[in-house]
Undergrad: 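My structure is below; once you've seen it, I'll send some questions.
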Amino acid sequence: MKWLIPLLLLATPAAAQSVSLCDWQALAQALVEPWEENTRVFANGNVRLAAIDTVEPVNGAAYLLVLSPPRSELGERQCCVVGFSDQLGFAAIYFDRLKADYDPAVGLMFDVPVQIVTADASFSNGGLLSLTLNQSTGAMTTNMALGRE
């Protein structure tokens with residue numbers, strides 16, 4: 001049965017990531033220090049990505065924080081967190097290797113290497129998390145390509 005978990009993860013990597021509105025994971029105390037190395041701005045300051053570390057659970061404490069348009073009527077940006085699943089972040093996010101690009105037909109595109117570990121630690125693997133952001137609608141799509149380790 002242990003062999004089934006890696007096979008399921010490899011068969012459905014796109015379904016594994018979760019984009020949700022900011023909740024407890026987005027507390028300011030979870031911002032990874034030093035801040036200047038773990039946060040970046042894009043689109044003339046309208047979009048900010050930051051690394052979050054919630055400390056627990058050890059195998060899933062790393063999240064990607066995304067502040068982006070559209071803005072609320074009070075001027076606040078949309079706030080979302082990207083994790084491995086609804087209840088679990090990544091084991092690690094290699095924020096220093098974050099790559100960004102822009103395509104007017106698609107939107108802002110981000111790639112960042114991550115490490116995933118299942119909740120029971122029976123499976124661990126590197127991957128490349130891809131995130132696409134449409135600033136007009138606020139829609140985000142994710143995809144993850146697992147490494148070959």
Side-chain angles (χ1 to χ4, degrees), residues 1-33 35 37-43 46-74 76-101 106-149:
M1 187 65 152
K2 270 185 143 177
W3 57 270
L4 185 59
I5 292 172
L7 286 179
L8 287 173
L9 286 171
L10 289 171
T12 59
Q17 306 88 111
S18 167
V19 176
S20 56
L21 294 177
C22 287
D23 198 1
W24 60 271
Q25 302 95 332
L27 294 173
Q29 67 196 36
L31 287 169
V32 176
E33 302 240 17
W35 292 354
E37 293 176 17
N38 291 290
T39 184
R40 290 187 40 201
V41 293
F42 304 91
N46 288 316
V47 175
R48 178 178 295 275
L49 270 58
I52 298 288
D53 184 350
T54 61
V55 181
E56 290 290 335
V58 172
N59 290 339
Y63 292 85
L64 186 64
L65 175 74
V66 182
L67 298 173
S68 69
R71 292 183 181 266
S72 72
E73 52 197 40
L74 297 176
E76 304 164 315
R77 290 178 285 186
Q78 166 180 264
C79 181
C80 293
V81 290
V82 180
F84 179 64
S85 70
D86 289 339
Q87 300 298 316
L88 190 65
F90 300 98
I93 294 177
Y94 302 101
F95 197 81
D96 60 327
R97 294 174 26 205
L98 173 74
K99 303 280 187 224
D101 201 2
V106 178
L108 282 168
M109 300 171 293
F110 304 98
D111 290 320
V112 64
V114 296
Q115 184 72 28
I116 59 169
V117 177
T118 55
D120 65 357
S122 63
F123 177 76
S124 174
N125 205 72
L128 184 66
L129 173 67
S130 297
L131 171 74
T132 301
L133 167 65
N134 180 320
Q135 293 181 76
S136 297
T137 65
M140 290 183 220
T141 57
T142 60
N143 188 23
M144 188 164 47
L146 292 177
R148 297 188 186 270
E149 53 260 26

Undergrad: Applying side chain to side chain donor-acceptor pair (under 3.5 Å), can you list everything that pairs with R48, at least two apart in sequence or on another chain?
TA: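 R48 satisfies side chain to side chain donor-acceptor pair (under 3.5 Å) with T39 only.
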
Undergrad: Applying side chain to side chain contact (heavy atoms under 4.5 Å, CB included), can you list everything that pairs with L27, at least two apart in sequence or on another chain?
TA: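 Scan of L27 (side chain to side chain contact (heavy atoms under 4.5 Å, CB included), adjacent residues dropped) gives Q29.
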
Undergrad: Is the shortest side-chain heavy-atom distance between L133 and F42 below 4.5 Å?
TA: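 No - every pair of side-chain heavy atoms lies 4.5 Å or more apart.
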
Undergrad: Distance-only, no hydrogens or angles: does the R40 side chain make a donor-acceptor pair with backbone N or O of A100 under 3.5 Å?
TA: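 No.
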
Undergrad: Test of understanding: with side chain to side chain donor-acceptor pair (under 3.5 Å), list the residues that count as partners of S72, not counting sequence neighbours.
TA: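 E76.
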
Undergrad: Can you sort out the partners of Q25 under side chain to side chain donor-acceptor pair (under 3.5 Å), two or more places apart, ordered by chain and number?
TA: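 Q25 satisfies side chain to side chain donor-acceptor pair (under 3.5 Å) with no other residue.
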
Undergrad: Should the SG-SG distance of C79 and C22 be recorded as below 2.5 Å?
TA: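 Answer is yes, sulfur atoms closer than 2.5 Å.
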
Undergrad: Would you say S20 and D86 make side-chain contact, with heavy atoms under 4.5 Å?
TA: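 Result no, sub-4.5 Å side-chain heavy-atom pair not found.
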
Undergrad: Taking all non-hydrogen atoms of both residues into account, name the closest pair between L108 and Q135 and its distance.
TA: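 Heavy atoms of L108 and Q135 come nearest at CD1-NE2, 3.7 Å.
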
Undergrad: Would you say D96's side chain and E37's backbone share a donor-acceptor pair under 3.5 angstrom?
TA: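 No: the side chain of D96 does not pair with the backbone of E37.
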
Undergrad: Kindly compute the distance separating CD1 (I116) from CG (N59), expressed to the nearest 0.5 Å.
TA: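 These two atoms lie 11.0 Å from each other.
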
Undergrad: Can you tell me if CH2 on W35 sees more than 12 non-hydrogen neighbours from other groups inside 6.0 Å?
TA: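 At most 12 heavy atoms, drawn from other residues, nucleotides or ligands, come within 6.0 Å of this atom.
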
Undergrad: Would you check, one step at a time, whether the test side-chain contact (heavy atoms from CB on, under 4.5 Å) holds for L64 with F90?
TA: CA-CA 9 Å; L64 186 64; F90 300 98; 5.7 Å; no

Undergrad: To the nearest 0.5 angstrom, please state how far the CD atom of Q78 sits from the OG1 atom of T137.
TA: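 Nearest 0.5 Å value for the CD-OG1 distance: 8.0 Å.
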
Undergrad: Would you say that L131 contacts M140 through its side chain, given a criterion of any heavy-atom pair below 4.5 Å between the two side chains?
TA: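 A side-chain contact under 4.5 Å exists here.
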
Undergrad: Would I93 and L129 count as a side-chain contact (heavy atoms from CB on, under 4.5 Å) here? Give the steps.
TA: CA-CA 9 Å; I93 294 177; L129 173 67; 5.8 Å; no

Undergrad: Write down the atom of S136, the atom of P70, and the distance for their closest heavy-atom approach.
TA: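 Smallest heavy-atom distance, with atoms named: O-CB, 4.3 Å.
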
Undergrad: Run the side-chain contact (heavy atoms from CB on, under 4.5 Å) test on S68 and N46 for me, step by step, so that the C-alpha distance in whole Å, both residues' side-chain angles and the decisive distance to 0.1 Å come before the verdict.
TA: CA-CA 6 Å; S68 69; N46 288 316; over 6 Å; no

Undergrad: Report yes or no: does Y63 contribute a side-chain atom to a donor-acceptor pair with the main-chain N or O of G83 at less than 3.5 Å?
TA: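 It does not hold such a pair.
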
Undergrad: Without swapping roles, check the side chain of T132 against the backbone of M109 for a donor-acceptor pair under 3.5 Å.
TA: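 Not a single qualifying donor-acceptor pair exists.
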
Undergrad: With sequence neighbours left out, what residues match N38 under side chain to side chain contact (heavy atoms under 4.5 Å, CB included)?
TA: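 Per chain and number, N38 pairs via side chain to side chain contact (heavy atoms under 4.5 Å, CB included) with V32, P34, A51, F95.
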
Undergrad: Heavy-atom distance under 4.5 Å between the side chains of P69 and V47, does that happen here?
TA: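 When only atoms from C-beta onward are counted, V47 and P69 do touch, with a gap below 4.5 Å.
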
Undergrad: For D111, check side chain to side chain donor-acceptor pair (under 3.5 Å) against everything at least two apart and list the hits.
TA: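 With sequence neighbours excluded, D111 shows a side chain to side chain donor-acceptor pair (under 3.5 Å) to S130, given in chain and number order.
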
Undergrad: Could you state the interatomic distance from CG (L128) to OH (Y94), rounded to the nearest 0.5 Å?
TA: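 That separation rounds to 12.5 Å.
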
Undergrad: Compare all side-chain heavy atoms of V82 with those of F110 and state whether any distance is below 4.5 angstrom.
TA: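 V82 vs F110: side chains apart.
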
Undergrad: Show your working on side-chain contact (heavy atoms from CB on, under 4.5 Å) between V81 and D23 and close with a plain yes or no.
TA: CA-CA 8 Å; V81 290; D23 198 1; 6.0 Å; no

Undergrad: Does atom CD (Q87) have a neighbourhood of more than 12 heavy atoms from anything else shown, all under 6.0 Å?
TA: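 No, the 6.0 Å shell around CD holds no more than 12 heavy atoms from other groups.
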
